[in-house]
Amino acid sequence: MKKNKTKKLSNKGKNLLASIALVAPYTVIFLAFIIVPIIIAFILSFTYFDAINPPTFAGFANYIYMITGDEEFVKHIIPNTLKFALIVGPGGFAMSFLMAWMLSQIQATPRKYLSLLLYTPSMVGAILVTILWKSLFSGAETGYINAFLLSNDFIEMPIQFLQSPEYLLNIMILVSLWSSMGIGFLAMLAGILNVNPELYEAAAIDGLRNRVQEIFYITIPAMKPQMLFGAVMAIVGAFNMGEIGVLLAGTNPTPQYSGSLIVNHIADYGFLRNEMGYASALSVVLFLIVYAFSRLGFVLFGEKD
Amino acid sequence: MSLRGAQINPKRFDKSQIKFYLILLPIALVMLLPILYIFSQALKPLDELMLFPPRFLVQKPTARNFEMLVRAATGTGIPLTIYVFNSLMVTSITITATMALTVITGYALSKKQFKGRDTLFKINQAALMFVPIAVTIPTFLVVVNLGLLDTFPAHILPLLAVPVSVFLMKQFIDQLPNEIIEAARVDGANDLFIIWKIVVPLTKPALSTVAILTFQATWSNLVTSQFYMNTDLKKTLAFYMTTLTSTVEVSVAGMGMAAAAGLLMFLPNLIIFIIMQNNVMNTMSHSGVK
């Protein structure tokens, strides 16, 4: 009996060791390339650091400079980032959901091809996105959009789309929305298709009157977890598109900071001016913004504990 | 009863579906236009590239842009094959390693009972929000301090931190009944045997999804070549294509070449996704965040 018990205990110990061995490789990678960089960014944000001399403690100086000294940050970077993220994040998310919902209302075979078409732009990747839209919006007469406008007499001179402050940010938003139906879109499509059909029948008997009611009372509540996954992916996707302005305009900062987002500002200070401390403070602010946006998703679609 | 026709995933065509096609088809076609344009651009001969007003579709398709691309590559002294080889190596190793890591981690997080498991999963789930480009500098410092700068593993290791793939894999393994795994364990199978013989065959859809996501992230990745590699010989095709096209794209001839380069980088993504689309959709049904 006693022997049996010690054997059980050692089994438990063995199980723990085995579990640790299984999760260890990923955990080490995860720590090294996600957690540690975040911690480093947080620590460096309280220092002056030029990447050559060791960092010196600076207290909140970087954060204070951000609000009081960095005119571009307050005047351009934050408004641009918020406008971009608000339209591309929730906008891309809403578009993904609507497309997924409509796709769920048609038959499987056409749905497969149409969803492929909608998903394809998200696979294009930074290289081709840049080449493609630079070519379409080229400022030369032979740029496709300029040529179209010229030959239809909408304009008399070609527009320097990617160098004009009034166009750049909107073009960035357009391009990002175009490529926003990625993995979150697929998740929501799968989620809608998996909603138990009996729920709809029951609701029809209970007097649900139209499709809009159906979406809000049946579909969305039944697929909250996928909605949340889609929301987080949409937010992260929007911020990961942050470099598009610099890629399209070809310069960092973009013309008159018109297309500069916080991601570009980090690269500007970190790599061009070698002010790593300040760049890290900007990274921390970026994380807080992403977190705030995602929090909104959790409030809307999270399951209450 | 008015909602009778309102069926999710209908089996047959009904005229109530027409309105959805009327919205979906034009949108899908508009989404496709830029891609058609770049295809046609890559196949245009020089006179068509210079044409004003430009034609959307190519009239006399030619492979000249692709030839120019290869010729420009050979002109730099380093043969294009080196970059192709580097990219193939990096991509295939990263995909294999990611699949192994995610299935092992997913299995442990889903089927093993141990202290800290739920915390670990929660932290990984929170990391879905992680935006890698926000911490390019600290990650660079990590790479330097691990002695990885200008070494091959620097192309791979940072890309193995994949919260989304681990998350998807764990959610998928959750669907496997515990009984199969318990039965194997009673028969004396250890964890690695269970993973290899039971979990891997049953999670093929999730594994292919992970493979696709990893391919997309690795094949066109610029960061590792740009920041972690000093030697040109160690850089990847994606990086090389960008440097090549960004120096020439001002010229009209360069436009065609850039389109060809971008297309070459993009097509593998598209083809692999088309082959595996069903697997991806299967995986995505288990993607919910709770």
Side-chain angles (χ1 to χ4, degrees), chain A residues 16 18-19 22-23 25-26 29-30 32-34 36-38 40-41 102 104-107 114 116-118 120-121 123-125 127-128 131-132 135-136 141-142 144 147 151 186-187 190 193-195 197 204 211 225-226 228-229 232 236 239-240 263 270 276 279 283 286-287 290-291 294 303, chain B residues 3 6 8-10 13 17 20 23-24 28 31-32 34-35 38 41 52-54 101 104-105 108 112 114 120 127-131 133-135 137-139 141-142 157-158 160-161 166 191 216 220 238 241-242 245 255 258-259 262 265-266 269-270 273 277 280-281 284-285 287-290:
Chain A
L16 183 66
S19 306
L22 290 174
V23 294
Y26 177 70
I29 299 264
F30 184 83
F33 295 105
I34 293 184
V36 171
I38 294 176
I40 294 179
M102 284 193 270
S104 75
Q105 310 285 322
I106 64 175
Q107 289 152 283
L114 284 170
L116 173 67
L117 290 184
L118 294 174
T120 301
M123 278 191 285
V124 160
I127 305 170
L128 187 53
I131 296 171
L132 202 175
S135 163
L136 277 174
E141 282 188 349
T142 44
Y144 194 79
S151 54
L186 296 182
L193 291 173
N194 275 359
V195 174
R211 292 286 174 86
Q226 268 91 3
L228 186 48
F229 182 78
V232 174
V236 171
F239 282 96
N240 272 331
V263 172
M276 304 286 182
S283 297
L286 170 56
F287 275 123
V290 177
Y291 181 75
S294 304
E303 311 235 306
Chain B
L3 280 169
I8 294 286
N9 196 6
F13 181 76
Q17 291 167 23
F20 298 118
I23 303 172
L24 282 167
M31 305 286 278
L32 187 67
I35 292 168
I38 207 75
Q41 199 78 347
F52 181 84
L101 260 187
I104 290 173
T105 315
K112 301 287 281 183
F114 62 97
L120 214 57
L128 293 179
M129 290 182 247
F130 183 63
V131 182
I133 45 174
V135 286
I137 297 157
T139 314
L141 297 176
V142 170
L157 291 176
L160 298 182
V166 167
D191 288 318
Q216 290 176 1
S220 46
M241 290 289 189
T242 348
T245 54
M255 284 276 212
M265 294 308 293
F266 160 67
N269 279 328
L270 182 65
F273 180 78
Q277 190 176 2
V280 176
M281 289 316 290
M284 285 305 144
S285 5
S287 63
V289 179
K290 283 189 185 119

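Each chain gets a letter, A, B and so on, in the order the sequences are listed, and its residues count up from 1.
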Picking from [options], which has the most non-hydrogen pairs under 4.5 angstrom with chain B?
options: A:Val195, A:Leu193, A:Val36; value: A:Leu193
options: A:Asn194, A:Ile34, A:Val236; value: A:Ile34
options: A:Leu16, A:Leu186, A:Val23; value: A:Leu186
options: A:Ile38, A:Val124, A:Ile40; value: A:Val124
options: A:Ala279, A:Ala187, A:Ser151; value: A:Ala187
options: A:Tyr144, A:Phe229, A:Tyr26; value: A:Tyr26

Interchain contact, [X] with chain A, by part (heavy-atom threshold 4.5 Å):
X: B:Leu160; value: both
X: B:Asp191; value: side chain
X: B:Leu141; value: side chain

For [X], is it the side chain, the backbone, both or neither that has a heavy atom under 4.5 Å from a heavy atom of chain B?
X: A:Ile127; answer: side chain
X: A:Phe287; answer: side chain
X: A:Val263; answer: side chain
X: A:Pro197; answer: neither
X: A:Met102; answer: both

A:Leu114 versus B:Ala28, closest heavy-atom pair with distance: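 What the structure gives for the nearest pair is CD2-CB, 3.7 Å.
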Where A:Ser19 and B:Lys112 come nearest, the two heavy atoms and their spacing: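 Looking at all heavy atoms of both residues, the shortest contact is OG-CE, 3.2 Å.
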Find the one option among [options] whose heavy-atom pairs under 4.5 Å with chain A are most numerous.
options: B:Val131, B:Ile104, B:Leu270, B:Leu32; result: B:Val131
options: B:Ala108, B:Ala259, B:Pro138; result: B:Pro138
options: B:Ile23, B:Leu120, B:Val166; result: B:Val166
options: B:Met265, B:Gln216, B:Met129, B:Gln41; result: B:Met129
options: B:Ala238, B:Pro158, B:Ser220, B:Ala127; result: B:Pro158
options: B:Val135, B:Leu101, B:Ile137; result: B:Ile137

[atom1]-[atom2] distance between [X] and [Y], expressed to the nearest 0.5 angstrom:
X: B:Ile133; Y: A:Leu286; atom1: CD1; atom2: CG; result: 8.0 Å
X: B:Leu24; Y: B:Met31; atom1: CG; atom2: CE; result: 11.0 Å
X: B:Phe266; Y: B:Ile35; atom1: CZ; atom2: CD1; result: 4.5 Å

Heavy-atom donor-acceptor pair, A:Ser283 side chain to B:Ala134 backbone, under 3.5 Å: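 Yes.
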Verify the neighbour count for atom CZ of B:Phe13: are there more than 12 heavy atoms of other residues, nucleotides or ligands below 6.0 Å?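 Enclosed: over 12 neighbouring heavy atoms sit under 6.0 Å from CZ of B:Phe13.
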Kindly determine whether B:Phe273 and A:Thr120 satisfy side chain to side chain contact (heavy atoms under 4.5 Å, CB included), including the steps that lead there. CA-CA 9 Å; B:Phe273 180 78; A:Thr120 301; over 6 Å; no
Within-4.5 Å side-chain heavy-atom neighbours: A:Gln105 and B:Pro10: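 No, too far: nothing below the 4.5 Å cut-off.
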Take B:Leu128 and B:Val289 through the side chain to side chain contact (heavy atoms under 4.5 Å, CB included) test and state the conclusion after the steps. CA-CA 10 Å; B:Leu128 293 179; B:Val289 179; 4.1 Å; yes
